[in-house]
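Below, all heavy atoms of this structure are taken into account, side chains as well, without hydrogens, waters or symmetry copies.
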Amino acid sequence: MKKKMDYTTFYERIGRLNGWDFSSLKVTSEGIEWNFYEEVTRCTKPSDLILDIGTGGGEAVLSIAHPALLLVGIDLSQGMIETAQRNLKASGSRSNVRFVNMNAEQLAFPDQFFNVVSSRHCDFCATEVFRVLADGGVFLTQQVNENDKCNISKAFDRGQSLGVQPGTLMERYKRELREAGFRDIEAHEYNATEYYATPDDLLFLLTHAPIIPGFGEKEYDLERFQQFVEQNRCDKGIRTNSARFMLTARK
């Protein structure tokens with residue numbers, strides 16, 4: 001319970017401070033096989049209603065709002081929703097976008113209301129997604145694989161999924177989707193190499209994402225960070241990895 005509460009507090013603080021915006025980072029990647037929200041767009045028609053679960057500060061979904069009749073982004077964090085509202089206003093207040101503070105396990109929408117439901121790097125309730133999705137509708141989710149940032153986790157002797165068998169979360173979600181009634185479930189994975197241009201870029205990531213729980217709280221964290229930078233620096237930048245999986249399912 002303490003771990004869950006610590007993450008909730010972290011997420012709320014980051015939501016108010018930064019949203020889920022990492023666009024300022026100078027980072028290059030090799031081996032990324034898809035852009036999640038481009039995949040969402042491919043499934044969307046002009047008459048469709050989209051629900052985005054765990055929308056964060058709305059940074060990503062605002063870029064794909066134009067193909068849909070209505071896009072609703074929800075997040076459990078009030079801080080994230082406040083940031084999303086600011087981002088919405090800055091984007092020109094798109095009339096077809098709404099951001100709402102809501103729990104993904106209790107979706108306050110009618111049955112079969114949405115044509116497309118998406119969830120990126122956020123937990124979801126398969127039975128609730130199935131309930132609010134129209135017949136023939138599509139659900140897409142992208143999640144972090146357990147071996148993401150594996151060299152960082154090893155360097156700090158702790159990490160968000162250190163010691164967990166890769167594929168554990170994906171298999172769990174596939175099972176939950178099948179049990180909820182989804183069909184045509186497809187899985188895709190990639191393990192890309194990332195290069196962060198400067199130590200400050202990597203430091204921003206570790207400070208604003210829960211990759212290393214309680215980063216900066218232990219006395220040795222700064223020393224291990226400096227060691228990691230030196231050991232993983234190359235001509236392209238500071239090397240780590242980005243491991244993701246995507247599931248698509250149809251009702």
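- In this structure, Asp157 pairs ionically with Arg224, as a charged nitrogen and a carboxylate oxygen lie closer than 4.0 Å.
- At a threshold of 4.5 Å between non-hydrogen side-chain atoms, the residues Thr141 and Arg120 do not count as touching.
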Worked verdict on Leu140 versus Glu39 for side chain to side chain contact (heavy atoms under 4.5 Å, CB included): CA-CA 8 Å; Leu140 305 91; Glu39 297 300 317; 4.1 Å; yes
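- The OG atom of Ser47 sits 12.0 Å away from the CG atom of Leu70 when rounded to the nearest 0.5 Å.
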Residues Val97, Leu62; criterion side chain to side chain contact (heavy atoms under 4.5 Å, CB included); working and verdict: CA-CA 8 Å; Val97 177; Leu62 282 170; 4.1 Å; yes
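- The aromatic ring centroids of Phe228 and Phe156 lie 6.0 Å or more from each other.
- A continuous path of hydrophobic side-chain contacts links Leu71 to Phe36 [ILVMFWY only; heavy atoms under 4.5 Å].
- Criterion: ILVMFWY side-chain heavy atoms under 4.5 Å apart, direct or through other members. Under it, Ile53 and Ile81 are not part of a common hydrophobic cluster.
- In this structure, Met170 is not a member of the same hydrophobic cluster as Met246, with clusters built from ILVMFWY side-chain heavy atoms closer than 4.5 Å.
- At a threshold of 4.5 Å between non-hydrogen side-chain atoms, the residues Met102 and Phe109 count as touching.
- Looking only at side-chain heavy atoms (C-beta outward), Ile50 and Val117 stay at 4.5 Å or farther from each other.
- For the pair Ser119 and Gln143, the minimum side-chain heavy-atom distance is below 4.5 Å.
- Residues Lys174 and Ile185 come closest through the heavy atom pair O-CD1, 4.0 Å.
- Here the closest non-hydrogen pair linking Ser161 and Glu146 is CB-O, 3.5 Å.
- Ala243 and Asn147 make their closest contact through CB-OD1, 3.1 Å (heavy atoms, listed as atom of the first residue, atom of the second, distance).
- Seen from the ring of Phe130, Lys251 counts as a face-on cation partner, given the 6.0 Å and 45° thresholds.
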Check against side chain to side chain contact (heavy atoms under 4.5 Å, CB included), Gln112 and Val132: CA-CA 4 Å; Gln112 303 195 46; Val132 302; over 6 Å; no
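- Closest approach of Phe139 and Leu133 over heavy atoms only: N-CD2, 4.1 Å.
- Around the CD atom of Gln106, the shell of radius 6.0 Å holds no more than 12 heavy atoms that belong to other residues, nucleotides or ligands.
- Distance alone, capped at 3.5 Å, places no donor-acceptor pair between the Ser29 side chain and the Ile32 backbone.
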Pair Thr240-Asn232, side chain to side chain contact (heavy atoms under 4.5 Å, CB included): steps then yes or no: CA-CA 8 Å; Thr240 184; Asn232 293 275; over 6 Å; no
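- At a threshold of 4.5 Å between non-hydrogen side-chain atoms, the residues Val164 and Leu169 do not count as touching.
- A 4.5 Å side-chain heavy-atom check between Asp221 and Arg158 finds at least one atom pair inside the cut-off.
- Between Asp148 and Ser242, the shortest heavy-atom distance links the atoms OD1-CA, 3.1 Å.
- Between His188 and Trp34, the closest side-chain pair of non-hydrogen atoms falls below 4.5 Å.
- Using a 4.5 Å cut-off on side-chain heavy atoms (C-beta onward), Phe182 and Val129 make contact.
- Both Leu205 and Val229 are part of a single hydrophobic cluster, where members link through side-chain heavy atoms under 4.5 Å apart.
- No side-chain donor-acceptor contact under 3.5 Å links Asp75 to the backbone of Asn101.
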Step-by-step side chain to side chain donor-acceptor pair (under 3.5 Å) determination, Asn145 to Glu189: CA-CA 8 Å; Asn145 200 306; Glu189 298 179 79; 3.2 Å; yes
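- Remark: aromatic rings of Tyr173 and Phe124 are close, center separation under 6.0 Å.
- Distance check, rounded to the nearest 0.5 Å: CG of Leu202 to NZ of Lys149 gives 9.0 Å.
- For the atom pair OG1 of Thr248 and CZ of Arg42, the computed distance is 12.5 Å after rounding to the nearest 0.5 Å.
- With hydrogens and angles disregarded, no donor-acceptor distance shorter than 3.5 Å links the side chain of Asn103 to the backbone of Leu76.
- Without hydrogens or angle criteria, Asn241 side chain to Ala192 main chain gives no donor-acceptor distance under 3.5 Å.
- Annotation: the span from Leu25 atom CG to Glu194 atom CD amounts to 9.5 Å, rounded to 0.5 Å.
- Taking the charged nitrogens against the carboxylate oxygens, Arg172 and Asp123 do have a contact shorter than 4.0 Å, which makes a salt bridge.
- Side-chain N or O atoms of Ser63 include one that pairs as donor or acceptor with a backbone N or O of Ala60 at under 3.5 Å.
- Note: the hydrophobic cluster containing Val27 also contains Leu206 (ILVMFWY, side chain heavy atoms under 4.5 Å, direct or indirect links).
- Listed here is the closest heavy atom pair of Gly56 and Ala84: O-CB, 3.9 Å.
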Pair Tyr37-Asp52, side chain to side chain donor-acceptor pair (under 3.5 Å): steps then yes or no: CA-CA 10 Å; Tyr37 283 106; Asp52 186 56; 2.9 Å; yes
His121/Arg244 under side chain to side chain donor-acceptor pair (under 3.5 Å): CA gap, chis, key distance, verdict: CA-CA 9 Å; His121 303 175; Arg244 301 287 186 267; 3.3 Å; yes
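- Taking CG of Asp48 as the start and CG of Leu69 as the end, the distance is 8.5 Å to the nearest 0.5 Å.
- Distance check: Arg175 CZ to Leu177 CG gives 10.5 Å after rounding to the nearest 0.5 Å.
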